[in-house]
Amino acid sequence: MMMGVTQLSDIFSGLTSQDPAPAPASDYLDRLNPEQRLAIETTEGPLLILAGAGTGKTRVLTTRFAHILLTGRARPNQILAVTFTNKAAREMRERVGALLGTPPEGLWLGTFHAICARMLRRHAEYVGLRQNFTILDTDDQIRLLKQIMEPYRIDTKRWPPQGLLGVIQRWKDRGLTPARITPAEDTDYAGNGIARRIYGEYQDRLVALNACDFGDLMLHMLEILRTQPDVLAQYHRYFRYILVDEYQDTNTIQHLWLRLLAKRDQGPSNIACVGDDDQSIYSWRGAEVENILRFEHDYPGAKIVRLERNYRSTEQILAAAAGLIAHNDGRLGKTLRSGREDATGERVQVIGVWDSDEEARIVAGAIEQLRADGHPLSEIAILMRAGFQTRPFEERLMTLGLPYRVVGGLRFYERAEIRDAMAYMRVLAQPADDLAFERIINVPRRGVGTAALQKLYVQARALGVPLSAAVAHQLETNAIKGKAREALRELMDVFDHARDRLSSDGHVVVVERMLEDSQYLAMWRNDKSPEAPGRLDNIRELIRALTDFGSLAGFLEHVSLVMDAEDNSGNDKISLMTLHGAKGLEFDTVFLPGWEEGVFPSQRTMDEGGNKGLEEERRLAYVGLTRARKRAIILHAANRRIYANWQSAIPSRFIEEIPSEHVEHRGQAMTERRQLANAPSVFTAGPIHARAASRNEPRIPRVTDVLPKPSTNIPLGARVFHQKFGYGVVIGVDDDRLAINFEKAGEKRVMAGFVELAS
DNA sequence: ACCATGAGGATTTTT
DNA sequence: TCCTCATGGT
């Protein structure tokens, strides 16, 4: 690789000097398989790259990018490359840079939203915004929406503002401006027609505030491209090649946006989309799998390349995952083959446990053992359906002193203190940012309550000025009295002074002083709660991050688009995260707890989404399994506490859907008798590296061998006893699942193995 | 203006 | 169960 780098960078510099010379044969294509090569070298015309899990998708994408540059087909700023996450964009930028030998400048490489933001800054006037518009966060959106909803007297118990924001967002995801909403579309919220009207007002308010929300970045740009032919033509001239990552997750508006940019009057659409319909797990956020299924229809003459050689997982894991996903209909169909020569590997282990505590104990115990065998903790992940499921695991890992990190919990920029500090900075940069000003006007307490704020709003509207100007005005006219008066005077002085010194002292110093002088930092210093010091640390970190940027505006733009903070704790830690959060990652060992009906697949998804919902859950399961390189361990508990009450649970149907020859059931027999003291270790049966384990060793008997054949033992109408629910009568039998009417607990469905016949 | 109490709700969330 | 909110009392 290193040798190639110098060579390639020379070619690259030749390229940038407007002198595209054909690149001499280079080694960057050498270690690719034929399909990957095809995906890279098919540069002209529409191309869909169906890339299964672990088939080298990122590599293909980055190499293709570099290939287009190195063969002189385009200059760096003539390629549009879109990703979904900042992380993916960052990685792509780095890897393209590594291939070229120089960090490329002026690339149109970023998330959909970041690229739209960049475009929109150029054309803001077409939608009534100024070039320096602000981008709102969710808190701001809700606050604004509440204000607008106020006069409508909507019962916010039944119709929370969040719900309306959801409706609006879904409209935006589909590219629908208020004018494009038909009455038939507007039936989901409160009275018919209400949502549409508020949406319109909301959009107007945003323009008045010189602001837009996240969805607007795309919505405005789509509208501009739709209505301004010369703008569209400009981008057609720009973008000779388009690359799209995670195409299965694009929503309607992104699809429309891409199509506008890709379809030109003359010449082919050089758009290459990489995706995997089996990993589409964001339909609830507006993603349309249909986009990938209809690619050939959208782009006639499209070529399709399938990447099916998996370089990540063992054959056992691949086969298990393939068997599972085969239960979905309407797939484009891929067969993952192992591209590795080593091991067939261990089977996927399935462990039945009594409850979530035992589940956590077993997982933590297995991890201890792995660690004792020298496995790095950073190669271990526990992936769950929902965020709150991390809790028992955190507790257990904490007790055992095993270091872990929860990925994607409360994110850095979502913390209250960070949002506050950001609001201060926004007011500093833009005094007219009412939503930011409103956030901090009474933080710390300055004696400005809802009543005072109301007055200020009335005044601001009447004078047609921003909130902060209304404050200044009321200070002069002595309309503000009492404690609030001095406090607000001070606050306004802090902002004025800070603004004066911005150019001379530099933004970092000024921001620091502002947070100090406004008493904001003092507020946390005086706070006696245990989390206060941590909050101060976070603010310190925020100020440190500020030093990476040349200007305050640049920093604010970055933060509003890139809501994730660099994770610099690259230590050896176990990763706990949701299945959604794990997409795109891989680990040697993956624990998959909570595989129970109702939990995973989630009851709610099935209720709301029916069979489509179930299929998406199944894809989520597929994503989970395919994160594992060497080992996947599925767990299911017989009893789970949902909020306050215990519920008996039956194993997820997904477990049965994995072909049995790739599964090994463990531990259930022990658990059933609640012999928790000597809970079985996951790895006791054999060595971990384990060809041996799956081939020669006598295996722990399958659950079906151990458990009594329930349907024969427990007939309909039998009186039975259950550890948790006590006595009951069997009212239904379905193989080894029983429906039981318990005297105390009511009707439940339980595994036959967990009840015994009462005399 | 601020605090205390109770009802109600509770996935997934790349941007 | 536990956290967030809206409401009413001081």
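Lettering of chains follows the sequences in order, A, B, ..., and the numbering in each one begins at 1.
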| field | Pairwise side-chain contact, A/Thr252 with A/Asn291, heavy-atom cut-off 4.5 Å (strictly under) | value | no

| message | Counting the atoms with a prime plus P, OP1 and OP2 as sugar-phosphate, which does A/Thr578 contact under 4.0 Å by heavy atoms, base, sugar-phosphate, or nothing? | response | sugar-phosphate

| said: Just to be sure I understand the rule, does A/Glu608 reach a base, reach only the sugar-phosphate, or reach nothing, if contact means heavy atoms closer than 4.0 Å? | reply: base

Review item, nucleotides 8-10 of chain C N/O atoms under 3.5 Å of protein N/O:
none

| Looking for any heavy atom pair under 4.0 Å, which part of the strands does A/Ala451 touch: base, sugar-phosphate only, or nothing? | sugar-phosphate

| Is the shortest distance from a Lys or Arg side-chain nitrogen in A/Arg653 or A/Glu597 to a carboxylate oxygen in the other one below 4.0 Å? | yes

| request: Rounded to the nearest angstrom, tell me the gap between atom CZ in A/Arg170 and atom C1' in B/dT15. | output: 17 Å

| Counting only side-chain N and O atoms of A/Asn442, is one of them less than 4.0 Å from OP1 or OP2 of B/dC2? | yes

| said: Mind checking if A/Leu561 touches a base, just sugar-phosphate, or nothing, with heavy atoms under 4.0 Å? | reply: sugar-phosphate

| request: Could you measure between the two P atoms, the one in B/dT12 and the one in C/dC5, and give it in whole Å? | output: 16 Å

| Spacing between A/Gln169 atom CD and B/dT14 atom P, to the nearest angstrom | 13 Å

| Pair A/Arg439 + A/Asp139, salt bridge at N-O below 4.0 Å | yes

| Do we see A/Phe112 stacking on the base of B/dT15, given a limit of 5.5 Å between centres and 30° between planes? | no

| Aromatic ring proximity, centroids under 6.0 angstrom, A/Phe295 and A/His255 | no

| Separation of A/Asp173 atom CG from B/dT15 atom P, in whole Å? | 15 Å

| field | Reported CG-to-CH2 distance for the pair A/Asp420 and A/Trp524, which is rounded to 0.5 angstrom | value | 7.0 Å

| query | Picking from B/dT13, C/dC2, B/dT11, which would you name as closest to the side chain of A/Ser602? | reply | B/dT11

| Touch check for A/Gly387, heavy atoms < 4.0 angstrom, all strands: base, sugar-phosphate only, or nothing? | sugar-phosphate

| query | Taking the same atom, P, in C/dT4 and in B/dT11, what whole-Å distance lies between them? | reply | 12 Å

| note | To the nearest 0.5 Å, atom NE2 of A/His113 lies from atom CE of A/Met221 at 13.5 Å

| query | Any idea how A/His558 and A/Phe549 line up, ring-wise: parallel (<30°), tilted (30 to 60°), or perpendicular (>60°)? | reply | tilted

| query | Closer to the 5' end of DNA chain B via nearest nucleotide, is it A/Ala114 or A/Leu620? | reply | A/Leu620

| Closest-nucleotide 5' rank along DNA chain B - winner of A/His113 and A/Ile281 | A/Ile281

| said: Are A/Val82 and A/Trp257 packed together at the side-chain level, in the sense that at least one heavy-atom pair is separated by less than 4.5 angstrom? | reply: yes

| query | Rounded to whole angstroms, how far apart are CE on A/Met577 and P on B/dT14? | reply | 13 Å

| task | Give the rounded distance in Å between these two atoms: CZ of A/Arg619 and C1' of B/dT12. | result | 13 Å

| Can a donor-acceptor pair under 3.5 Å be found between the side-chain atoms of A/Arg285 and the base atoms of B/dT15? | yes

| field | Nucleotide of B/dT15, B/dA1, C/dA6 approaching A/Lys146 most closely (side-chain heavy atoms) | value | C/dA6

| request: Could you check which of B/dA1, B/dC2, B/dT14 has an atom nearest any side-chain atom of A/Arg445? | output: B/dC2

| Minimum-distance nucleotide to A/Asp249 side chain [options: C/dC2, B/dT14, B/dT13] | B/dT14

| field | Distance test, side-chain N/O of A/Arg411 to OP1/OP2 of B/dT15, below 4.0 Å | value | yes

| task | For this output row, return yes or no: ring centroids of A/Tyr282 and A/His580 closer than 6.0 angstrom. | result | yes

| Rounded to the Å, how far apart are A/Leu614 CG and B/dT11 P? | 20 Å

| Can you tell me how far C1' of B/dA10 sits from CD of A/Gln162, to the nearest Å? | 13 Å

| query | So what does A/Thr450 hit on the nucleic acid, given a heavy-atom distance under 4.0 Å: a base, only sugar-phosphate, or nothing? | reply | sugar-phosphate

| request: Find the distance A/Arg90:CZ to B/dT14:C1' and express it as a whole number of Å. | output: 12 Å

